[in-house]
Structure formats: structure tokens, C-alpha cells
Amino acid sequence: MLKPHPTVLRRLVQEYEARLRSGTAPDADGPRLSDLAYTLCVSTGTRDVEDALRTAHRWLAAAPAPVPAPSAGPGALVPPPERHRRDTAAAGAPAPA
């Protein structure tokens, strides 16, 4: 069985549990809460959201610690914008007038 990426699974669990704790009326959160429960079940190969949460927590405990995203400072691994532009002159297109 394919396992979801730990970051994705962590976000699903956090949002589901936050909505449960929020204390809002179930009708107000109903569709989103149902979508989250369904996605958790599909992601973990279970049929019950409680089983899905137990499985997700077990998988997340065994997953490597999340790696923080690099900063946008001078040492960041972000390619310069020029790499994304296409050189139309080199591709045989007529030069702009």
C-alpha cells in the first residue's frame, strides 16, 4: 500500500483534530470534517476515522522529523529567474523589433 507523505498526513490530522476541538457546531463544520475524515481513511487504508487517526499517529511517530524549508536568504537554493526564461532568439524565433 502506498503511504501518504508525512507532511500531507500531518496536515490532515492537525486540521481534523483542530476542527474537532474548536467546539463549533457540527453542522457548520460538517462537510469539511466529513471530507477530512474520508481522506484520512483513504490515506491510511482504514474504514473508520478513529482507526485512521491511530494509524496516522503511528506512521507519523515513525516518520523522520520534518526538514525545515530553506530561508530565502543568500544561501537559499532558489534558481535565479533567468533560468526560467526561454531564450526566443536561440530557438530561431525572430528578434523583437
Side-chain angles (χ1 to χ4, degrees):
M1 179 175 114
L2 294 175
K3 286 187 178 181
H5 191 278
T7 303
V8 173
L9 188 60
R10 189 173 288 110
R11 285 183 191 150
L12 285 169
V13 169
Q14 288 172 344
E15 184 178 352
Y16 183 84
E17 291 177 341
R19 287 179 182 267
L20 283 180
R21 285 190 306 268
S22 71
T24 59
D27 296 340
D29 249 359
R32 181 63 181 154
L33 200 58
S34 294
D35 288 347
L36 287 166
Y38 174 80
T39 305
L40 279 165
C41 288
V42 169
S43 298
T44 57
T46 60
R47 291 181 175 231
D48 177 70
V49 71
E50 295 301 322
D51 291 338
L53 288 170
R54 279 191 293 275
T55 301
H57 282 290
R58 189 173 61 246
W59 288 355
L60 291 172
V67 177
S71 68
L77 299 174
V78 178
E82 297 84 40
R83 291 179 60 135
H84 297 290
R85 286 191 305 179
R86 193 175 122 187
D87 188 3
T88 55

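Index from 1, following the sequence.
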Positive for side chain to side chain contact (heavy atoms under 4.5 Å, CB included) with L12, one of T44, L53, L36 | L36

Write down the atom of [X], the atom of [Y], and the distance for their closest heavy-atom approach.
X   : Y   : result
W59 : S43 : CZ3-O, 3.6 Å
P6  : L60 : O-CD2, 3.5 Å
V49 : A37 : CG2-CB, 3.7 Å

Stepwise side-chain contact (heavy atoms from CB on, under 4.5 Å) test for L33 and L20 | CA-CA 8 Å; L33 200 58; L20 283 180; 3.9 Å; yes

Lys/Arg N to Asp/Glu carboxylate O, R11 vs E15, below 4.0 Å | no

First locate atom CD of Q14, then atom CZ of R19, and finally report the distance between them rounded to the nearest 0.5 Å.
-> 13.0 Å

